[in-house]
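What you see is a predicted model, and the numbers here were worked out from it, not measured in a lab.
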Amino acid sequence: MKTIRKFPFRLTLISLIGVMILGAGISICRISQFGVDPFTSMNTGVSETLGWSLSFYQGFFNVALFAVLILADRKNLRYIHVGAIFNMFLLGIMIENILKVFCSSLEISRPEDLVLSFPVKALLLAAGILIATLGCSLYMTADLGTAPYDALTLYTSERFPRLSYAVQRVISDVIVTFVAFLFRGPLGITTIIFMLFTGPFISFWNHKVSVPIVERFGEKRTSERSAGTAA
């Protein structure tokens, strides 16, 4: 007799909150005027060039990337779950609307139009990275699917095991950053930090916050992973 697997409502809520926190953190990084993570920077640059909204373009690109992964290997269907859906569609909506409200309240067109002192920018940068990596940690620890950009490196690291996951992730981030540069996406020191140094932050949040939360409120499905991002 087959047992019916319960839908993980509490883990879904943790994943949802994580993606929302991640979106807020990336938005704060953009407001700091020091750039955003490579993937969001690329999507921002391309979407603005095409005249599309970030939320629409990012959702479209995520669907297309997942389609390519599934066509390459049907085993990649294992990465699709509710958490991946949140990341694919909600993240772009969060970033777009937070920045829209911020800019409209200050009557500016872009966050970069705001004049900020260096200390304020640095404070916003630090806060944005800490908040974004906390959200990423919660979303990843809930273990309800993997965003297509993260799944891409997981897939290629399985196909080409001679190169480590970390090396392949850096390679993909460098390529994405180059595309962001070509399309004038919001690049800066934040982009480099997300490329190379978010792992320790996410590991810290995993141990101190995310794993304890999932163990206490989730359905015993903790899965600590070392970092990739985003967005």
What do the steps show when you test Q168 against T156 for side chain to side chain donor-acceptor pair (under 3.5 Å), and what is the final call?
-> CA-CA 8 Å; Q168 294 197 38; T156 57; 2.8 Å; yes
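- Within the model, atoms CZ of F9 and CD1 of I14 stand 14.0 Å from one another, a figure rounded to the nearest 0.5 Å.
- Put simply, the side chain of R78 gets close to the backbone of K75: a donor and an acceptor are under 3.5 Å apart.
- Distance check, rounded to the nearest 0.5 Å: CD1 of I213 to CG of N206 gives 11.0 Å.
- Side-chain atoms of S137 never come within 3.5 Å of backbone atoms of T133 as a donor-acceptor pair (strictly under, hydrogens ignored).
- Between F118 and F34, the angle of the ring planes goes over 60°, which puts this pair in the perpendicular group of the 30/60° scheme.
- Here the closest non-hydrogen pair linking A132 and F194 is CB-CZ, 3.8 Å.
- No single ILVMFWY cluster, assembled from side-chain heavy atoms under 4.5 Å apart, contains both I171 and V68.
- A salt bridge links E112 to R30: one of the charged nitrogens lies within less than 4.0 Å of a carboxylate oxygen.
- Each of V120, L125, L99 was scored for a side-chain contact (heavy atoms from CB on, under 4.5 Å) with I31, with one residue passing: L99.
- Applying the 6.0 Å contact sphere to CD1 of I189 captures no more than 12 heavy atoms from other residues, nucleotides or ligands.
- At least one donor-acceptor pair under 3.5 Å links the side chain of R10 to the backbone N or O of F217.
- Using a 4.5 Å cut-off between side-chain heavy atoms of Ile, Leu, Val, Met, Phe, Trp and Tyr, with links allowed through other members, L65 and L50 fall into the same hydrophobic cluster.
- A continuous path of hydrophobic side-chain contacts links F61 to L182 [ILVMFWY only; heavy atoms under 4.5 Å].
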Which is it for R169 and D150 under the side chain to side chain contact (heavy atoms under 4.5 Å, CB included) test, yes or no, and what are the steps along the way?
-> CA-CA 8 Å; R169 179 63 187 229; D150 298 322; 2.7 Å; yes
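- In terms of hydrophobic clustering, with Ile, Leu, Val, Met, Phe, Trp and Tyr side chains grouped at heavy-atom distances under 4.5 Å, I98 and I93 are assigned to different clusters.
- When every heavy atom of G23 is checked against every heavy atom of M94, the shortest pair comes out as CA-CB, 4.2 Å.
- The OG atom of S47 lies 8.0 Å from the CD atom of E96; values are rounded to the nearest 0.5 Å.
- Between R216 and P212, every side-chain heavy-atom pair lies at or beyond the 4.5 Å cut-off.
- Annotation: side chain of L138 is not in contact with side chain of S15 (no heavy-atom distance under 4.5 Å).
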Evaluate side chain to side chain contact (heavy atoms under 4.5 Å, CB included) for V209 paired with T141, printing each intermediate quantity in order.
-> CA-CA 10 Å; V209 178; T141 306; over 6 Å; no
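- Looking at L152, N87, T153, L154 one by one, the single match for side-chain contact (heavy atoms from CB on, under 4.5 Å) with T146 turns out to be L154.
- Listed by chain and residue number, L69, A72, D73, N76, R159 satisfy the side-chain contact (heavy atoms from CB on, under 4.5 Å) test with Y155 (two or more places apart in sequence, or in another chain).
- The one candidate from N62, V46, T49 that meets the side-chain contact (heavy atoms from CB on, under 4.5 Å) condition with Y57 is V46.
- In this structure the side chain of P148 reaches within 4.5 angstrom of the side chain of M88, judged on heavy atoms.
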In a table with atom names and distances, give each donor-acceptor pair under 3.5 Å that connects a side chain of residues 173-181 to protein atoms at least two apart or in another chain.
from : atom 1 : to   : atom 2 : distance (Å)
D173 : OD1    : Y149 : OH     : 2.5
T177 : OG1    : D173 : O      : 2.7

Verdict with supporting geometry, C29 and I129, side chain to side chain contact (heavy atoms under 4.5 Å, CB included) = CA-CA 7 Å; C29 288; I129 290 174; 4.1 Å; yes
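- Put simply, the side chain of S203 never gets that close to the backbone of G199: no donor and acceptor are under 3.5 Å apart.
- Distance check, rounded to the nearest 0.5 Å: CD1 of I21 to CG of L130 gives 12.5 Å.
- G83 and Y139 make their closest contact through O-CE1, 3.6 Å (heavy atoms, listed as atom of the first residue, atom of the second, distance).
- Contact of the F102 side chain with the L114 side chain is registered, since non-hydrogen atoms from C-beta on lie closer than 4.5 Å.
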Show the numbers, then the answer: is there a side chain to side chain contact (heavy atoms under 4.5 Å, CB included) between L77 and I80?
-> CA-CA 6 Å; L77 282 167; I80 300 179; 4.1 Å; yes
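- In terms of hydrophobic clustering, with Ile, Leu, Val, Met, Phe, Trp and Tyr side chains grouped at heavy-atom distances under 4.5 Å, L124 and I108 are assigned to a common cluster.
- Here the rule is side-chain contact (heavy atoms from CB on, under 4.5 Å) with I95, and of L90, L22, T40, T44 only T40 fits it.
- Taking the side-chain hydrogen bond (donor to acceptor under 3.5 Å, both in side chains) definition, one finds that R110 meets it with E48, sequence neighbours left out.
- Going from atom CG of L134 over to atom CZ of F201 covers 12.5 Å, rounded to the nearest 0.5 Å.
- Between F60 and the options F89, W52, F66, a ring-ring contact (aromatic ring centres under 6.0 Å, His included) holds for only W52.
- The minimum heavy-atom distance between C136 and I202, with the atom names listed, is SG-CD1, 3.7 Å.
- In this structure, OG1 on T190 lies 11.5 Å from CD1 on I28, to the nearest 0.5 angstrom.
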